[in-house]
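See below for the structure under consideration.
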Amino acid sequence: MTFEADRFDEELEQLLEGEALPAADQVRDPLLRLSLELRDQLAPVSPDPDFRARLKAELLEKYADTVPVVPVAADLAEHTPTPLWGRARRAFVAVAVASAASIGLAVGYVGLHQQTGNHSRVALVSPATPTQPTAAPGPEVTVAPPGSTTAPSRVVIFGTHITAPRLTPHRSHAATVTPGQTDAATATPVQTPRSADAASATPRDTAPPTKVAQVVVPTPPSSATPRDTVVPTSTPPPAGPTAGPENTKFTANTRVATSTSVPATATKSVPVPTNTPQAADSPTARSQPATPPGHTATPVPSDTPVPATVTSVPPSLTPRTNQVTLPTNSPTRVPAHSMATSRPSATAAKPTATRAIATQTRVPATATMVPTHAAPTHAAPTHAAPTDTAAVPTATNAARATSQPSETATNVPAAPSTPSPSRPTATAAATSPSGPVVVAQVTTTPPGINNAAAVMPSPSPTVPAANQFPVPSQLNATLGSPLGHTVPLTSGVVLHLPGTTSPADPGQLPVYKPALPDLSALDQLRSYGLIPAPKSISQTKAGTVATVGADNQFYLATYQAKSYGYRLKLARVSPVPASLPQAPAFDAASNARTFLTAHQLVAVDDGMQLDSVTSKADGSKVATFSKYAPDKIVGARAVVTFNSQGVLTALDIQWVNTAVAPMAPGISAAAALDSVTAGHGLVHADSALPDSASTITGTTILYVAVNAPDGIYYEPVYRFSGVTATGSAFQVYVPAIERNYLR
Amino acid sequence: MCDASGTEGITLPPSPQQLEAERKLVEAARSNPVAFGALYERYVDAIYSYVFTRVGDKTLAEDIVSETFHRALENIQGFEWRGVAFSAWLYRIASNAVAARFRREPAMSGEEDLEQVLEPEPGPESLVATLEWKADMLAAVRALPDDQQQVILLRFGQELRNKDIARIMQRSEGAVKALLHRALTALHRRLVTEEVSPTR
């Protein structure tokens with residue numbers, strides 16, 4: 001078996017990989033032939049564009065609820081391998097800065113110890129003195145722990161000058177970090193107040209100090225202001241009334257000093273003692289690092305002085321001033337103004353991002369739900385139609401199917417319709433209270449008579465070529481339509497109608513746009529008088545299946561609402577015993593018509609016409625009907641089977657809903673033939689293609705299904721039947737409406 | 001099979017460059033909805049085609065495709081890149097969804113969505129026969145066991161290679177070859193021996 005499978009697979013590979021695939025009937029091996037046929041028949045099927053767009057919108061809306069949106073820059077998300085030298089450099093810088101910070105802390109601690117030992121009383125009673133901020137432009141690390149009042153100690157670690165000042169209890173602390181000692185790629189950007197919320201924060205904000213978190217995402221090395229503002233995680237008591245506008249600057253930068261989610265930030269963080277008593281007026285603008293009185297940071301020349309300041313938290317910090325700084329190079333970032341939240345900012349990013357996504361993805365859905373208003377000449381709303389269609393004033397087919405019983409029909413005063421129960425689908429469509437209302441323009445003019453008010457306005461001249469006949473007919477025409485297996489006619493072929501028997505100009509022709517019924521499947525069955533048994537209902541891929549009772553019989557019903565109307569199958573559950581005597585002769589066509597109309601499966605005068613009644617050997621009879629409106633609609637048919645006793649045993653009906661029918665200007669048969677001469681039209685011929693010597697023997701209008709982007713339409717086409725000079729039959733299909741109105 | 005956004009469609013087997021680009025896209029999709037949208041655009045047509053061919057019903061196919069992508073979204077954080085096209089994972093989810101659906105709702109054999117195959121206008125016999133043949137073929141495929149359906153649709157409907165099918169079905173390549181051969185033999189027997197098709 002394995003050997004056979006391998007051999008077959010090799011042959012199949014050779015076959016499929018060949019430059020030109022042979023026709024299936026040229027391959028002898030039946031399995032290979034079947035493979036080729038499968039390859040031909042299993043052509044890709046595209047999803048409905050509406051479904052495609054809707055699902056995408058759903059997914060993106062769900063995305064924010066499902067996927068934790070973390071503000072990681074795109075380049076980080078891609079996990080680009082970091083070069084070895086880069087990692088080594090980062091490690092070196094991290095070690096250097098950490099060492100410097102540790103030594104600075106140690107020195108500061110020694111200073112603090114000496115201070116508390118020698119001058120503690122002075123330090124404690126010293127009045128608060130505003131610090132005159134002094135710039136520290138040099139490439140120098142200045143660690144200014146609280147309580148520093150004396151000249152700082154200076155040490156050099158790995159070439160970095162570190163100034164460790166004496167401690168003072170109420171001073172802001174600043175540190176400058178030489179950019180050379182930090183990884184420029186991970187430098188934390190300066191937090192500039194952007195949000196209105198942050199900018200409006202004032203010292204009146206006296207909420208208790210709150211540990212806050214801020215995700216700081218690095219900016220590119222080319223950032224013009226690569227400064228850090230790092231604040232302790234615990235804040236001092238509230239500020240006094242003299243807190244100046246510096247506080248405002250700080251409020252925009254409230255954040256955690258060392259965010260673990262961005263490890264690189266830690267390399268620039270200088271540990272600062274927390275819970276430091278803070279003078280009311282001491283908050284210092286981070287752009288102006290403060291030094292203790294009498295102490296000025298020693299400037300150290302540097303080509304690229306990029307100071308980073310470490311300051312204490314100003315007292316005005318409140319949760320609502322939290323800010324998440326997001327990188328600007330990511331398309332998923334959320335504007336800063338939407339980030340204000342009382343939660344830590346690392347988690348605050350998610351709901352904000354959710355809103356942003358939802359806003360983005362709801363746009364198409366909203367667009368499709370905008371109701372289209374139509375001409376005010378008609379008060380009866382028709383069923384919601386796709387927006388494309390709704391933009392076009394529509395008319396009911398009351399003019400043609402004169403007894404189409406619907407609310408719309410009752411608004412047609414001139415229509416000679418007979419009131420009758422409507423087909424539930426039509427009624428539901430017309431009376432749906434919920435959907436977007438599309439008011440249709442109604443024509444009361446019978447077919448064949450021009451009515452300017454009923455004519456659809458000329459669509460945009462930029463009708464996609466792919467939607468125009470006949471170019472894409474093989475794609476657009478529903479499989480099984482007369483256009484399904486035809487070829488474009490060669491231009492230059494002149495076909496003539498015989499003699500003076502040219503059919504009349506059709507005038508306005510309806511283009512049917514079926515709509516789904518609003519009722520559920522079970523309600524639809526009930527409306528047909530087919531009562532489902534409660535425990536027999538199931539949903540299958542073939543539709544809703546239920547055992548239903550009708551006319552004292554039980555049937556297995558399979559119902560599906562379709563884009564063209566509906567499909568219903570009935571199969572009698574219990575066969576009639578064969579021993580029953582033969583029933584007297586019965587009229588299968590009449591019985592079928594009675595059943596269909598009594599159950600409102602078709603409306604009275606719904607264009608149902610009998611095609612044939614066939615009798616089988618077992619005595620059963622099959623009546624077949626098609627739908628005409630008034631021209632034949634391809635695919636709309638009802639097949640009713642009666643057994644020899646005249647009991648309905650099976651029904652198979654697929655019916656096209658013709659309630660909605662925009663009107664389009666038709667063209668005459670002669671004009672259609674002229675378009676054949678111009679190369680339009682599709683021809684089906686058993687052998688020879690028609691030429692100028694061919695003869696047209698019959699002209700018919702058919703309605704064929706066309707898969708338009710917004711659903712199925714039924715469009716009228718001429719079918720010219722004829723024979724060539726050699727006696728070969730052919731049919732030519734040409735659209736019967738103006739080309740600009742084709743879907 | 002290019003999507004609306006112009007991204008490259010599915011071409012299997014993918015080149016290393018394509019795989020690398022897809023890996024980056026998948027990684028980005030874990031934190032970036034735009035990237036997930038790109039993945040959706042890239043694969044939704046193929047997945048729909050596969051599912052529709054298996055179930056033969058538009059509404060059901062849409063349900064299953066929707067379920068497939070929702071599941072993919074829910075589990076994308078756990079998706080582990082192993083050098084296999086992302087589509088393989090999606091096909092597997094879709095296959096499982098189809099199987100699960102039919103376990104709940106037994107299929108009605110021989111049913112066909114006539115929205116796709118409307119009854120033809122009585123006309124040339126060859127046209128009618130062709131349409132019937134296609135409907136019969138699809139019905140016969142859908143009557144095969146689940147794994148045989150899957151291998152036929154992936155091989156001929158999606159035009160995947162045995163290697164890719166093996167990854168999707170989590171079998172060896174040899175097992176896929178054998179399964180395909182068995183499936184074709186069964187299908188041929190069903191179509192020819194039982195004379196489902198009037199023309200064969």
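Each chain gets a letter, A, B and so on, in the order its sequence line appears, and its residues count up from 1. Quantities reported herein were computed from a predicted structural model and do not represent experimental measurements.
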field: Atom group of B/D63 that falls short of 4.5 Å from chain A, counting heavy atoms
entry: neither
statement: If one checks every heavy atom of B/L179 against chain A at 4.5 Å, the contacting part turns out to be neither
- prompt: Which bit of B/Y40 is near chain A, if near means a heavy-atom gap under 4.5 Å: side chain, backbone, both or neither?
  reply: side chain
query: Among A/A729, A/P47, A/A636, who wins on heavy-atom pairs under 4.5 Å with chain B?
result: A/P47
field: A/Q654 versus A/Y564, side-chain donor and acceptor atoms under 3.5 Å
entry: yes
- prompt: Can you say whether A/S626 sits under 4.5 Å from chain B via the side chain, the backbone, both, or neither, judging by heavy atoms?
  reply: neither
query: Hey, are B/Y91 and B/Q150 close enough side-chain-wise for a donor-acceptor pair under 3.5 Å?
result: no
message: Do the side chains of A/D48 and A/R54 get close enough for a salt bridge, i.e. N-O under 4.0 angstrom?
response: no
message: Between B/V65 and chain A, with a heavy-atom cut-off of 4.5 Å, which part of the residue counts as in contact: side chain, backbone, both or neither?
response: both
task: Kindly indicate whether the side chain of A/K562, heavy atoms from C-beta on, has any atom under 4.5 Å from the side chain of A/W655.
output: no
field: Best-contacting candidate, B/T53, B/V44, B/V51, against chain A by heavy atom pairs under 4.5 angstrom
entry: B/V44
statement: All heavy atoms of B/A183 vs all of B/V151, minimum pair found to be CB-CG1, 4.0 Å
- request: List the steps, then state whether side chain to side chain donor-acceptor pair (under 3.5 Å) holds for B/D45 with A/S46.
  value: CA-CA 6 Å; B/D45 288 347; A/S46 296; 5.3 Å; no
